[in-house]
Undergrad: 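Supplied in structure tokens, the structure appears directly below.
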There are 2 protein chains.
Amino acid sequence: MVQSEIPNIIISRLPVYLRALRHMQGQGKQTTNSQELGEQVGVSAAQIRKDVSQFGEFGKQGTGYDIAFLVKKLSEILHIDRVWDLAVIGMGDMGHAIARYQGFADRGFRVAMLFDADPAKIGTRLGSFVIRDAAEMIPAIKQAGIQIAMLCVPASTAQAVTNQLVQAGVKAILNYSPINLSVPDGVRVQYLDPSVGLQRMTYYL
Amino acid sequence: MVQSEIPNIIISRLPVYLRALRHMQGQGKQTTNSQELGEQVGVSAAQIRKDVSQFGEFGKQGTGYDIAFLVKKLSEILHIDRVWDLAVIGMGDMGHAIARYQGFADRGFRVAMLFDADPAKIGTRLGSFVIRDAAEMIPAIKQAGIQIAMLCVPASTAQAVTNQLVQAGVKAILNYSPINLSVPDGVRVQYLDPSVGLQRMTYYL
DNA sequence: TAGATTGTTAATCGATTAACAATC
DNA sequence: TAGATTGTTAATCGATTAACAATC
């Protein structure tokens with residue numbers, strides 16, 4: 001029997017709920033409810049309840065949700081009740097910033113390897129890492145079993161590098177390059193092109 | 001009479017179409033069609049035609065779309081047939097990378113001002129800019145008439161800085177901080193939290 | 001118990017797709 | 001002209017909301 005299919009649009013909201021819940025935790029709150037959480041993240045209370053109830057009965061009538069419990073459940077659902085190793089490809093300014101980013105630690109991720117093709121960068125240190133030769137990328141990622149890559153290379157090489165990542169067994173790519181990537185079924189891409197983000201707002205200015 | 005309301009979900013796809021069209025242009029292509037563009041960006045041909053036709057009749061039966069013409073029209077629709085000045089707030093690793101990002105130039109944007117609250121950074125140069133004191137932010141942004149900000153400060157100060165940006169007249173915020181922002185009506189926020197992007201994929205791993 | 005809030009159903013709303021006449 | 005592809009309509013599909021019984 002196939003696991004019943006949860007719409008991707010629901011999955012995409014869960015990390016946002018989780019972020020808000022952890023923020024509440026940081027403020028010392030113990031419980032919340034669909035109304036409050038909904039206001040926090042900008043969705044209706046009904047939608048919060050509907051989304052969360054896809055995965056179980058995590059709330060209590062009359063009192064709402066225990067924050068710590070819901071955080072635990074959402075973390076399990078999103079498979080971040082473990083630590084995922086990340087490979088960062090491309091050590092320009094953006095790759096550099098990602099490699100040093102402190103925000104992964106408590107959210108399920110850890111930078112594990114850095115790659116660049118520039119001989120001037122290969123072998124140099126960045127924090128506790130040594131930048132590795134992109135030519136070794138496929139065997140290195142394969143051997144480490146890394147499934148997630150942060151793509152920070154220029155648009156001109158992004159598709160070629162992506163093909164290599166797919167060969168290396170990568171299943172999820174966070175793409176900072178301003179280009180649409182073509183990947184086979186079973187590989188996921190999330191796009192973080194800043195110009196696209198800006199252009200989604202200028203329409204309204 | 002109110003301008004007929006275009007759904008936001010359509011607007012949000014236009015920058016992606018535009019990016020793909022410019023990529024085709026860079027390859028020397030003159031024309032395309034809804035089928036080809038759809039495959040490029042991962043949406044159906046019918047949806048491409050429906051989306052684009054909200055704004056006029058930009059195609060030709062039998063031949064498809066002239067790429068240069070469609071690029072021009074989409075640029076006008078998205079209001080990027082001009083250059084928008086950006087203020088970058090927070091000169092950590094991420095703000096640093098954004099300030100030096102070369103990808104804004106031909107997509108309608110230009111970094112115009114950098115701010116940080118750290119006395120060690122204030123007054124230092126970054127490329128052709130001098131990092132300014134965040135304490136001067138409100139009058140400086142107001143005076144320059146800047147409407148778009150890139151928020152690269154830590155989560156702990158993001159909401160307070162956002163309130164100042166709103167006071168300064170900013171209407172669009174690209175938020176790199178891992179936090180939900182509360183803003184008044186008329187102000188838009190786009191979120192680029194890398195952990196959220198990653199968590200949207202780990203569910204499927 | 002009374003009040004509050006969930007989980008869930010049914011109704012509504014909106015977005016996507018299929019199909020095809022129009023026309024280049 | 002024949003072939004191709006648009007723009008658009010109607011049908012389908014899916015997501016959101018409203019409402020309320022269940023229950024803490």
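To find a chain, count down the sequence lines: A is the first, B the second, and so on, and within it residues start at 1.
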Undergrad: Kindly indicate, with the supporting measurements, whether the criterion side chain to side chain contact (heavy atoms under 4.5 Å, CB included) is fulfilled by B:N8 and A:Y204.
TA: CA-CA 10 Å; B:N8 177 262; A:Y204 300 97; 2.7 Å; yes
Undergrad: What is the distance, rounded to the nearest whole Å, between atom CD1 of B:I9 and atom P of C:dT16?
TA: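 It is 5 Å, rounded to the nearest whole Å.
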Undergrad: Please state how far atom CD in A:Q61 lies from atom C1' in C:dG3, giving the value in whole angstrom units.
TA: 13 Å
Undergrad: Among C:dT16, C:dT6, D:dT16, find the nucleotide with the atom closest to the side chain of A:R13.
TA: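 The answer is D:dT16.
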Undergrad: Give a yes or no on whether A:R100 atom CZ has more than 12 heavy-atom contacts from other residues, nucleotides or ligands under 6.0 Å away.
TA: no
Undergrad: Measure CD1/A:I10 against P/C:dT8 and give the value in whole Å, please.
TA: 13 Å
Undergrad: Tell me the interatomic distance from A:L37, atom CG, to C:dG7, atom C1', rounded to whole angstroms.
TA: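 Rounding to the nearest Å, CG of A:L37 and C1' of C:dG7 are 16 Å apart.
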Undergrad: When you match B:G59 and A:T63 each to their closest nucleotide on DNA chain D, which lands nearer the 5' end?
TA: B:G59
Undergrad: Classify the ring geometry between B:H79 and A:Y203 as parallel (under 30°), tilted (30 to 60°) or perpendicular (over 60°).
TA: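 Parallel.
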Undergrad: Give the rounded distance in Å between these two atoms: CZ of B:R49 and P of C:dA21.
TA: 15 Å
Undergrad: Is A:Q30 atom CD crowded by more than 12 heavy atoms from other residues, nucleotides or ligands, each under 6.0 Å away?
TA: no
Undergrad: Using Watson-Crick and G-U wobble pairs with both distances under 3.5 Å, what is the 5'-to-3' dot-bracket string of DNA chain C, with [ ] for crossing pairs and | for pairs outside the strand?
TA: ..||||||||||||||||||||||
Undergrad: State which of C:dT17, D:dT17, C:dT6 makes the closest approach to the side chain of B:Q47.
TA: C:dT17
Undergrad: My understanding is that only one of B:D116, B:L114, B:L126 makes a side chain to side chain contact (heavy atoms under 4.5 Å, CB included) with B:H96; could you say which?
TA: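 Going through the options one by one, the only one that passes is B:L126.
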Undergrad: So does B:S34 get a side-chain nitrogen or oxygen closer than 4.0 Å to the phosphate oxygens (OP1/OP2) of D:dT5?
TA: no
Undergrad: Between atom CG in B:L70 and atom P in D:dT5, what is the gap in whole Å?
TA: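 The distance from CG of B:L70 to P of D:dT5 comes to 16 Å, rounded to the nearest Å.
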Undergrad: Calculate the interatomic distance between A:E39 atom CD and C:dT5 atom C1'; express it in whole Å.
TA: 14 Å
Undergrad: Could you verify whether a donor N or O on one side chain and an acceptor N or O on the other, from A:N163 and A:Q159, lie under 3.5 Å apart?
TA: yes
Undergrad: Report yes if a side-chain nitrogen or oxygen of B:Y65 is closer than 4.0 Å to either non-bridging phosphate oxygen (OP1 or OP2) of D:dG7; otherwise report no.
TA: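 The answer is yes; a side-chain N or O of B:Y65 sits under 4.0 Å from OP1 or OP2.
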Undergrad: Identify which nucleotide among D:dT16, C:dA18, C:dC24 has an atom closest to any side-chain atom of B:K60, counting heavy atoms from C-beta outward.
TA: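 For the B:K60 side chain, the nearest candidate turns out to be C:dC24.
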Undergrad: Between D:dC24 atom P and A:D66 atom CG, what is the distance in whole Å?
TA: 16 Å
Undergrad: Let me spell it out: for each of B:K50 and B:N33, pick the nucleotide of DNA chain D with the closest heavy atom. Which residue's pick is nearer the 5' end?
TA: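 It is B:N33, whose closest nucleotide lies nearer the 5' terminus.
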Undergrad: Are any of B:S44's side-chain N or O atoms less than 4.0 Å away from OP1 or OP2 of C:dT17?
TA: yes
Undergrad: Show your reasoning for whether side-chain hydrogen bond (donor to acceptor under 3.5 Å, both in side chains) applies to B:Q35 and B:E39.
TA: CA-CA 6 Å; B:Q35 177 71 37; B:E39 278 168 18; 2.8 Å; yes
